[in-house]
2 protein chains.
Amino acid sequence: MSEKKPNIYDVARLAEVSHQTVSRVLNNQPNIRPATRARVEAAMAQLGYQPNPAARSLVTAKSNMLGLLVSDTGLYGPAGMLNAMERSARQAGYFAITVAVRFDSPESWAEGLQHLSRMHVEGIATIALQSEVIKMAAKIMPNIKLVAIDTDDQANRVNSVGIDNLGGGHMATKHLIELGHKKILHIMGPATSSEAQNRRRGYEQAMVEAGLEPATVQGDWTAETGFRIGIELNLELTGYTAIFTANDQLSLGLMKAFNMRGVKVPADISLVGFDDIPESPYFNPPLTTIRQDFNQLGEVAIEMLLSDLAGTKRKKFEALKPNLVVRDSAIRISTSRK
Amino acid sequence: MSEKKPNIYDVARLAEVSHQTVSRVLNNQPNIRPATRARVEAAMAQLGYQPNPAARSLVTAKSNMLGLLVSDTGLYGPAGMLNAMERSARQAGYFAITVAVRFDSPESWAEGLQHLSRMHVEGIATIALQSEVIKMAAKIMPNIKLVAIDTDDQANRVNSVGIDNLGGGHMATKHLIELGHKKILHIMGPATSSEAQNRRRGYEQAMVEAGLEPATVQGDWTAETGFRIGIELNLELTGYTAIFTANDQLSLGLMKAFNMRGVKVPADISLVGFDDIPESPYFNPPLTTIRQDFNQLGEVAIEMLLSDLAGTKRKKFEALKPNLVVRDSAIRISTSRK
DNA sequence: GTTATTTTTGTGAGCGCTCTCATTTCGGAC
DNA sequence: GTCCGAAATGAGAGCGCTCACAAAAATAAC
């Protein structure tokens with residue numbers, strides 16, 4: 001039904017040159033007479049010629065592909081990063097093979113890595129996965145170039161980029177402290193997430209610096225958990241006047257629970273989230289939160305991976321600054337309260 | 001630094017067989033003595049051999065790759081579908097090349113398609129893109145197999161899967177009608193989206209069937225627009241007692257605006273959304289909405305693409321049924337109101 | 001003009017695999 | 001044992017491209 005795709009020889013014949021000249025045109029090599037180049041290009045256009053990437057990879061031993069290993073959430077953050085990474089990779093002439101794995105399943109990671117290994121990708125970018133994955137990658141593909149977004153690799157043994165989660169946690173907490181709050185609770189993300197850990201660390205630092213006592217409740221990234229915690233939390237007993245949550249969804253769940261219980265946000269309790277998802281301004285009340293630029297994060301990650309691939313790497317770690325977005329969910333503590 | 005990767009001949013030598021026998025083991029061909037197969041497999045393991053996909057593609061003229069063309073939203077729906085599609089493709093032994101394009105930019109579509117064409121993908125799945133894209137694809141890659149999720153191709157000239165948006169719109173509207181509402185407004189998604197169009201059509205059908213007059217306001221997929229509309233809407237004048245929005249975010253924005261204006265949901269006005277994003281149960285009040293199963297959608301799409309590729313295609317179009325999730329944002333109209 | 005030098009083009013091999021076809025080996029039937 | 005058909009294995013070519021090198025053509029120097 002469909003006739004054979006034209007190859008480099010077909011183009012050469014039509015342009016009355018050798019296949020090698022066609023190859024040169026294809027690769028933008030110098031020392032081709034303009035007239036010749038034009039003739040070849042015309043022939044290509046006429047035949048609708050498209051170079052075969054398999055043949056090219058075979059001889060150059062470069063796949064021109066990058067693997068994007070991402071945990072399988074439908075979360076706003078990862079999705080945005082993925083988009084940005086794909087676009088950056090494409091702009092640089094690379095193809096992005098995406099692999100969605102389960103956040104908490106080592107078998108799933110191994111499977112995903114195997115998949116990428118089979119495809120002989122030149123480099124891998126991981127999003128929000130533990131350093132365990134990176135060790136795995138090193139085992140499966142010994143010499144693979146890798147960059148991690150938001151990983152818990154403390155030893156800094158791998159290229160990584162992330163926002164300054166510690167700084168962000170600190171910033172959120174400090175904002176609440178400056179509003180006069182003393183009893184501030186932190187609801188943490190999943191314990192396995194380095195982002196969650198660092199946000200907590202930032203929270204704790206800010207508390208300790210202010211001479212306040214940190215207190216953390218274990219959560220995850222879902223509104224559901226925020227809701228559950230909000231229902232269970234005994235505010236009278238504990239006396240909390242403010243809560244910093246590890247992401248915006250937790251705050252949403254919390255708001256819902258408080259609303260049901262007749263606890264007023266922010267009058268009775270102030271809330272600060274993290275991420276600034278597009279919905280946050282429309283929460284009830286609009287959420288004060290820490291914003292991170294997911295697009296930039298993705299772009300920087302790919303940039304880093306590519307420069308590593310090219311051997312012109314600059315630094316091993318890059319931390320982007322998040323910033324505080326003040327809205328209505330956190331206010332100055334009323335002096336009537338303790 | 002890294003020594004050459006082993007090839008099929010290296011394995012053959014070690015296993016003391018011919019390269020062809022190794023190839024047979026690789027491809028699970030019959031008529032190999034178990035002992036021989038074991039020997040070859042041992043040799044592969046010992047050398048850490050991994051077949052070179054480029055070489056394989058070159059000779060088989062099959063790239064083993066699928067292109068996933070998705071518009072660049074960080075929306076919950078597309079992200080979930082993408083995940084599901086990638087996983088399905090992987091399970092079937094295919095590699096997924098993701099390309100993120102701009103929803104509204106034909107140049108961006110063309111660029112994305114070119115990219116996939118260069119990679120010689122065997123098939124393409126598009127998510128929420130207009131039929132324009134499909135025509136473009138046919139031009140760039142004449143014989144490409146394609147499946148579209150949620151496209152506006154009315155002529156049904158392309159394989160597509162989608163939820164029954166018309167049915168969903170109908171269902172949402174009917175729910176409101178059954179609750180006694182007569183003046184029901186629809187806030188539509190972007191005009192270019194076929195999903196938005198079909199949801200509206202479902203709404204209109206239900207209204208007409210009930211002898212009511214349909215009325216639509218043009219929106220998009222954002223909470224921001226929902227908010228703006230909610231602020232501008234003159235409820236006293238128009239007398240609306242219920243609104244059906246094309247997605248959940250619009251409802252969220254609406255809720256926010258109504259809350260600011262002192263309009264009570266659902267006491268003063270009932271709301272029904274569409275999608276059932278994970279946050280919807282935590283809206284204030286929890287949103288009654290139409291749920292669609294994005295994972296299933298992605299799986300069915302890939303299944304369809306693969307069966308088309310295999311020549312065992314069954315049907316050209318598949319519509320999944322969405323279902324109504326009743327929560328608190330829509331209630332029976334109070335008899336005191338007209 | 002002739003020769004040296006540079007620019008431009010061409011030739012053949014080979015990347016790692018699967019294909020087709022040829023050859024060897026193995027099991028039984030007698 | 002011998003013979004035959006089937007099972008198992010091997011040999012060689014070729015997919016479409018780039019690489020290293022060789023040859024031809026154009027230009028420069030005299």
Side-chain angles (χ1 to χ4, degrees), chain A residues 2-44 47-65 93 95 117-122, chain B residues 2-44 47-65 93 95 117-122:
Chain A
S2 84
E3 32 236 85
K4 200 172 106 351
K5 283 185 182 152
N7 65 19
I8 206 173
Y9 288 95
D10 297 324
V11 175
R13 200 173 314 119
L14 184 60
E16 298 182 308
V17 293
S18 74
H19 70 278
Q20 178 53 20
T21 300
V22 178
S23 171
R24 275 189 266 260
V25 171
L26 227 43
N27 294 285
N28 274 310
Q29 288 184 19
N31 299 339
I32 300 214
R33 215 169 328 174
T36 310
R37 162 168 277 131
R39 204 140 38 85
V40 171
E41 280 168 348
M44 286 188 196
L47 294 173
Y49 170 74
Q50 287 230 295
N52 182 324
R56 191 174 255 176
S57 300
L58 183 56
V59 50
T60 59
K62 296 184 78 256
S63 66
N64 241 275
M65 292 192 243
F95 294 86
S117 171
R118 271 197 292 277
M119 192 78 287
H120 290 209
V121 294
E122 295 181 35
Chain B
S2 84
E3 32 237 82
K4 203 171 105 350
K5 284 185 181 151
N7 65 20
I8 206 173
Y9 287 95
D10 298 324
V11 176
R13 199 173 314 118
L14 184 59
E16 297 182 308
V17 294
S18 74
H19 69 279
Q20 178 51 23
T21 299
V22 178
S23 172
R24 273 190 268 260
V25 172
L26 227 43
N27 294 286
N28 273 312
Q29 288 184 18
N31 298 339
I32 300 214
R33 214 168 333 172
T36 310
R37 163 169 276 130
R39 206 142 36 87
V40 171
E41 279 167 350
M44 286 189 196
L47 294 173
Y49 170 75
Q50 287 231 295
N52 182 323
R56 192 174 253 176
S57 299
L58 183 55
V59 50
T60 59
K62 295 184 77 257
S63 66
N64 241 273
M65 293 192 241
F95 293 86
S117 170
R118 271 197 291 277
M119 192 78 288
H120 290 209
V121 293
E122 294 181 34

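Residue numbering restarts at 1 for every chain, and letters A, B, ... go by the order of the sequence lines. Both backbone and side-chain heavy atoms feed into the values below; hydrogens, waters and symmetry mates do not. As the structure is a computational prediction, the values presented were derived from the model and not from experiment.
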Asker: Go through residues 11-24 of chain B and report each residue with a non-hydrogen atom lying under 4.0 Å from DNA chain C, sorted by number.
Answerer: B:H19, B:Q20, B:S23
Asker: Distance from B:S63 atom OG to B:M119 atom CE, nearest 0.5 Å?
Answerer: 7.5 Å
Asker: Between atom CZ in A:R56 and atom C1' in C:dG14, what is the gap in whole Å?
Answerer: 17 Å
Asker: Restricting to side-chain contact (heavy atoms from CB on, under 4.5 Å), what partner residues turn up for B:D10, sequence neighbours left out?
Answerer: B:K4, B:P6, B:N7, B:R13, B:L47
Asker: Listed by chain and number, what are the side-chain hydrogen bond (donor to acceptor under 3.5 Å, both in side chains) partners of A:T60, not counting sequence neighbours?
Answerer: none
Asker: Check this one for me: any side-chain N or O of B:N52 less than 4.0 Å away from OP1 or OP2 of C:dG16?
Answerer: no
Asker: Short question: side chain of B:S57, backbone of A:A54 - any donor-acceptor pair under 3.5 Å?
Answerer: no
Asker: In whole Å, I'd like the distance from the CG atom of A:N7 to the C1' atom of D:dG16.
Answerer: 6 Å
Asker: Between A:R56 and A:N52, does a side-chain contact (heavy atoms from CB on, under 4.5 Å) hold up when you go through it step by step?
Answerer: CA-CA 6 Å; A:R56 191 174 255 176; A:N52 182 324; over 6 Å; no
Asker: Would you mind reading off the bend of the helix from C:dG1-D:dC30 to C:dC30-D:dG1 from its two end axes, five pairs each, to 10 degrees?
Answerer: 30°
Asker: Round to a whole Å and report the spacing from CD1 of B:I8 to P of C:dG14.
Answerer: 18 Å
Asker: Closest-nucleotide mapping onto DNA chain D: is B:A55 or B:R39 further toward the 5' terminus? I mean the 5' end.
Answerer: B:R39
Asker: Whole angstroms only, please: what is the CG-P distance between A:L58 and C:dT18?
Answerer: 12 Å
Asker: Identify all side-chain donor-acceptor contacts of residues 20-30 of chain B below 3.5 Å with residues at least two apart in sequence or on another chain.
Answerer:
{"from": "B:T21", "atom 1": "OG1", "to": "B:S18", "atom 2": "OG", "distance (Å)": "3.4"}
{"from": "B:N27", "atom 1": "ND2", "to": "B:S23", "atom 2": "O", "distance (Å)": "2.8"}

Asker: Does any residue of residues 28-38 of chain B have a heavy atom under 4.0 Å from DNA chain D, and if so, which ones, in number order?
Answerer: B:N31, B:I32, B:R33, B:T36
Asker: Tell me whether the side-chain N/O atoms of A:Y9 come closer than 4.0 Å to OP1 or OP2 in D:dG14.
Answerer: no
Asker: Could you give the CG-to-C1' distance, from A:N27 to D:dC19, as a whole number of Å?
Answerer: 11 Å
